[in-house]
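Keep in mind that this is a model prediction, so the values were computed, not measured. Because only heavy atoms are used, hydrogens play no part in the values below, and waters and symmetry mates are left out as well, while side chains stay in.
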Amino acid sequence: MAETPLKRINKYLSEVGYCSRREADKLIEAGRVTINGKVPEMGTKIASGDVVAVDGETIKNTKDSFVYLAFNKPVGIVCTTDTSVEKDNIIDFINYPKRIFPIGRLDKPSEGLILLTDDGDIVNKILRASNNHEKEYVVTVDKPISQTFINRMSGGIYLEELKQRTKKCKVEKLSTFKFKIVLTQGLNRQIRRMCDYLNYEVQTLKRVRIMNIKLDTPVGKYRELTSEEFRQLTDLLSDSSKLFEPKKRH
């Protein structure tokens, strides 16, 4: 009989919906995770019979279905699960009855669509830059938008502080001070840095779409993804095979 394959501890915590792999790595590094009562090293693998605990609480995969939320984040809310450090965090703001975590980030001065889930597997599939998944933003700046600005933004800009050039992207002027931009990468404060490089200052920044999910809730409100949205999402994430049971809107 074939043995059950070993699994990295961060992958296990992600798959059972406790947190993302990145968050799991932080917990492991902080010594808050144990396997069979012992603190493991980073990258340790577990077998099916091992007992995994965080802060002394045993972690089990007991849920029957995953949660997928579309949330309209207000300005001033921080996309972190570390509720002990940041009082204006997204987890306390939503106050959802199950443990969830945001897929990616939207910085504090920005607003708009962010997805939250307890499905750790889907996080990397959405965020992986090589997958070229689209995220759409509407941005207002402090002075009239020129054609040169549109051309430079869409053609890619080398950001010295990140030592990286932005990918070519779709940029469309909407009005004198407002434009739409569709990105397939998520560098830190990317749009703000790109605008700053061209001597424009961002006044407002709102994310209005992630892949096929569109922003359609009031600021500060969330809803469950619909069955059709999730079907389309899993089509775009071609290696996903998870099932989803939609819940009613809030």
side-chain contact (heavy atoms from CB on, under 4.5 Å) evaluation trace for Ile181 with Ile191: CA-CA 9 Å; Ile181 181 168; Ile191 297 172; 3.7 Å; yes

Hydrophobic cluster identity match, [X] and [Y], side-chain contacts under 4.5 Å:
X: Val78; Y: Tyr96; result: no
X: Val182; Y: Val139; result: no
X: Ile77; Y: Val219; result: no

Heavy-atom neighbours of Glu228 CD exceed 12 at 6.0 Å: yes

NZ/Lys178: more than 12 non-hydrogen atoms of other groups inside 6.0 Å: no

Taking all atoms of both residues into account, what is the closest heavy-atom pair of [X] and [Y], and its distance?
X: Leu106; Y: Lys73; value: O-CE, 3.4 Å
X: Leu6; Y: Lys45; value: CB-CB, 3.8 Å
X: Asn188; Y: Leu162; value: O-CD1, 3.9 Å
X: Leu233; Y: Leu225; value: CD2-CD1, 4.2 Å
X: Arg105; Y: Cys79; value: NH1-O, 3.0 Å
X: Asp119; Y: Tyr68; value: OD2-OH, 2.6 Å

Keeping [X] on the side-chain end and [Y] on the backbone end, is there a donor-acceptor pair under 3.5 Å?
X: Asp92; Y: Lys87; answer: no
X: Arg223; Y: Ala70; answer: no
X: Asp142; Y: Glu201; answer: yes
X: Asn72; Y: Thr217; answer: yes
X: Tyr200; Y: Pro144; answer: yes
X: Asn89; Y: Glu86; answer: yes
X: Asp118; Y: Val67; answer: yes

Taking the side chain as every heavy atom from C-beta outward, state whether [X] and [Y] have any atom pair closer than 4.5 Å.
X: Lys143; Y: Asn199; value: yes
X: Lys163; Y: Tyr158; value: yes
X: Asp235; Y: Asn212; value: no
X: Leu116; Y: Tyr222; value: no
X: Gln232; Y: Glu229; value: no

[atom1]/[X] to [atom2]/[Y] distance, rounded to the nearest 0.5 angstrom?
X: Leu13; Y: Arg8; atom1: CG; atom2: CZ; value: 13.5 Å
X: Arg193; Y: Glu160; atom1: CZ; atom2: CD; value: 11.5 Å
X: Ile94; Y: Ile100; atom1: CD1; atom2: CD1; value: 5.0 Å
X: Leu215; Y: Tyr137; atom1: CG; atom2: OH; value: 12.0 Å
X: Asp216; Y: Arg209; atom1: CG; atom2: CZ; value: 13.5 Å
X: Leu115; Y: Met211; atom1: CG; atom2: CE; value: 9.0 Å

Test side chain to side chain contact (heavy atoms under 4.5 Å, CB included) applied to Val75 and Glu111, Lys206, Lys108, the passing residue: Glu111

Among Glu134, Met153, Glu136, side chain to side chain contact (heavy atoms under 4.5 Å, CB included) partner for Lys170: Glu134

From CA spacing to verdict: side-chain hydrogen bond (donor to acceptor under 3.5 Å, both in side chains), Ser110, Arg192: CA-CA 10 Å; Ser110 303; Arg192 295 179 188 276; 2.9 Å; yes

Cationic N near anionic O, under 4.0 Å, Glu161 to Arg189: no

Could you tabulate the donor-acceptor pairs under 3.5 Å formed by side-chain atoms of residues 27-39, not counting sequence neighbours?
from  : atom 1 : to    : atom 2 : distance (Å)
Arg32 : NE     : Asp55 : OD1    : 3.1
Arg32 : NE     : Asp55 : OD2    : 3.3
Arg32 : NH2    : Asp55 : OD2    : 2.8
Asn36 : OD1    : Val51 : N      : 2.8
Asn36 : ND2    : Asp50 : OD1    : 2.9

Ring pair (Phe, Tyr, Trp, His ring centres under 6.0 Å): pairs with one or both residues in residues 166-185, sequence neighbours excluded: Phe149-Phe179

Pairs touching residues 28-58 that satisfy ring pair (Phe, Tyr, Trp, His ring centres under 6.0 Å), sequence neighbours left out: none

Criterion side-chain contact (heavy atoms from CB on, under 4.5 Å) on Asp107 and Leu205, from CA distance to verdict: CA-CA 10 Å; Asp107 62 19; Leu205 192 158; 5.8 Å; no

